[in-house]
Trainee: 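There's a structure below that I have some questions on.
All residue numbers refer to positions in the sequence shown, counting from 1. The basis for the numbers below is simple: all heavy atoms, side chains too, and nothing from hydrogens, waters or symmetry mates.
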Amino acid sequence: YRQKSISLLDTVEQMGVIAVPTLLEFLQHDNNKIRYEAIVALGALKPADAVQPLLDALKDADEYVRIYTIRALGNFDLLSNESIAEHLRFLLQDDDERIRAAAVEALGKLKDKQAVGELKRLLQEDRSDIRSTAAAALGNIGEKTVLPALRAALKDKAIEKEVILALGFLGNSSAIPDLREILYSDAYTYDVRCYAAISLLRMRDSAIIPDIVSMLILADASDGYSEK
């Protein structure tokens, strides 16, 4: 006999909107763990009547409640909930670094073009995790004007993988020469060159396919010899 545990999230997703009123009540529960679960579930269900209660939860005294709330809000539809993006953009100035990082990620998921200017600024942030999250968010948003900022960020070794992937999501062919240079340069690690290959393939640069195949074969051969 194999016992199965079913989480609250799994259960409420099966129940659908029927569970929403109870989940909204749980946002006020004294137990912060119950508030976490309710927020995650509401983020999965994305009911329209949960938007304002979740925005209110951004003021919760518990830091993790605020972080879970930011992530949940990132799942909603931006077009019908512009107020979400407005609140999240405000949090880019928050003193708490984890709050800022969560807001950056959520704005990227929402594809909020109004956040692009501030996200470009965060590519210069002291913390590498915020810089990398900002690069990924810019790639998700897909605003073509960020290309110069991302190309400049390729020099930042701490976030080069995220920047390379962001360039691929951006889909601007002007970045192909930069990505090809990384692919063919021994100055970069094998992993970084693989990220460049992924982005080039995402941009449908079919000319590099034979070189990618050769690179993979040579890498496998090298690993095989080193084990002997």
Side-chain angles (χ1 to χ4, degrees), residues 32 35-36 39-40 43-44 51 54-78 81-172 175 178-179 182 188-189 191-196 198-199 202:
N32 57 0
R35 299 204 299 280
Y36 300 161
I39 290 164
V40 171
V51 172
L54 286 172
L55 291 176
D56 293 339
L58 292 173
K59 301 174 185 176
D60 196 286
D62 187 291
E63 178 191 33
Y64 288 100
V65 166
R66 299 198 301 276
I67 291 173
Y68 277 105
T69 300
I70 292 167
R71 291 173 179 168
L73 288 168
N75 292 333
F76 282 75
D77 177 25
L78 177 61
N81 296 286
E82 174 57 29
S83 61
I84 292 176
E86 292 175 3
H87 282 76
L88 295 180
R89 288 196 296 270
F90 179 78
L91 293 177
L92 295 178
Q93 310 295 333
D94 198 274
D95 292 335
D96 189 319
E97 294 164 344
R98 284 176 288 194
I99 294 293
R100 291 207 308 277
V104 169
E105 184 177 359
L107 287 165
K109 290 176 67 177
L110 289 169
K111 299 186 184 297
D112 178 31
K113 293 189 176 183
Q114 292 189 51
V116 165
E118 185 62 18
L119 293 174
K120 285 165 62 177
R121 186 192 67 78
L122 289 175
L123 291 175
Q124 310 300 322
E125 175 83 16
D126 290 338
R127 288 178 59 101
S128 61
D129 58 335
I130 292 181
R131 298 200 307 276
S132 64
T133 306
L138 288 169
N140 284 336
I141 293 170
E143 179 62 49
K144 305 300 183 184
T145 59
V146 305
L147 178 61
L150 287 175
R151 291 176 74 178
L154 282 172
K155 299 175 183 177
D156 187 343
K157 291 293 184 182
I159 65 169
E160 60 187 357
K161 292 179 180 178
E162 290 79 8
V163 174
I164 289 168
L165 289 178
L167 287 169
F169 281 113
L170 200 61
N172 192 319
D178 299 282
L179 295 172
I182 294 169
Y188 293 90
T189 65
D191 286 346
V192 171
R193 293 169 69 192
C194 283
Y195 277 91
I198 291 169
S199 286
R202 182 171 286 123

Trainee: Between Asn75 and Lys109, is any side-chain donor less than 3.5 angstrom from a side-chain acceptor?
Mentor: yes

Trainee: Could you give all pairs that pass the salt bridge (charged side-chain N to carboxylate O under 4.0 Å, His left out) test and reach residues 84-93, with sequence neighbours left out?
Mentor: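 Sorted result for residues 84-93: Glu82-Arg89, Arg89-Asp112.
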
Trainee: For the backbone of Ala101 and the side chain of Thr133, can you confirm whether one donor and one acceptor N or O come within less than 3.5 Å of each other?
Mentor: no

Trainee: Mind checking the CG-CG spacing from Leu165 to Leu179? Nearest 0.5 Å is all I need.
Mentor: 9.5 Å

Trainee: Atom NZ in Lys120, atom CG in Leu138: separation rounded to 0.5 Å?
Mentor: 8.5 Å

Trainee: Among residues at least two apart in sequence or on other chains, which ones pass ring pair (Phe, Tyr, Trp, His ring centres under 6.0 Å) with Tyr36?
Mentor: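 Tyr36: ring pair (Phe, Tyr, Trp, His ring centres under 6.0 Å) contacts with Tyr68.
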
Trainee: Counting only N and O atoms by type, is there a donor-acceptor contact under 3.5 Å from the side chain of Ser199 to the main-chain atoms of Ala196?
Mentor: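 Not at all, since once roles are kept as given, no pair shorter than 3.5 Å links the two residues.
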
Trainee: Using the salt bridge (Lys or Arg N to Asp or Glu O under 4.0 Å) criterion, which residues pair with Arg100? Sequence neighbours excluded.
Mentor: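 By the salt bridge (Lys or Arg N to Asp or Glu O under 4.0 Å) rule, Arg100 matches Glu125.
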
Trainee: Closer than 4.0 angstrom, basic N to acidic O: yes or no for Glu160 and Lys157?
Mentor: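 Salt bridge present between Glu160 and Lys157.
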
Trainee: Do Asp62 side-chain atoms and Val65 backbone N/O form a donor-acceptor pair below 3.5 Å?
Mentor: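 Yes, Asp62 side chain to Val65 backbone: donor-acceptor pair under 3.5 Å.
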
Trainee: Partners of Ala137 by side chain to side chain contact (heavy atoms under 4.5 Å, CB included), sequence neighbours excluded?
Mentor: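 Testing Ala137 for side chain to side chain contact (heavy atoms under 4.5 Å, CB included), a comparison that skips the adjacent residues, returns Val104, Leu119.
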
Trainee: Look up atom CD1 in Ile39 and atom CZ in Arg66, then write down how far apart they are to the nearest 0.5 Å.
Mentor: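 Here the interatomic distance stands at 11.0 Å.
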
Trainee: Take atom NZ of Lys144 as the centre, draw a 6.0 Å sphere, and report whether it contains more than 12 heavy atoms from other residues, nucleotides or ligands.
Mentor: yes

Trainee: Could I get the full list of side chain to side chain contact (heavy atoms under 4.5 Å, CB included) partners for Asp178, not counting sequence neighbours?
Mentor: Arg151, Leu154

Trainee: So how far is it from Arg127 CZ to Leu122 CG, rounded to the nearest 0.5 Å?
Mentor: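 CG of Leu122 is found 12.0 Å from CZ of Arg127.
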
Trainee: Can you sort out the partners of Ala106 under side chain to side chain contact (heavy atoms under 4.5 Å, CB included), two or more places apart, ordered by chain and number?
Mentor: Ile70, Leu88

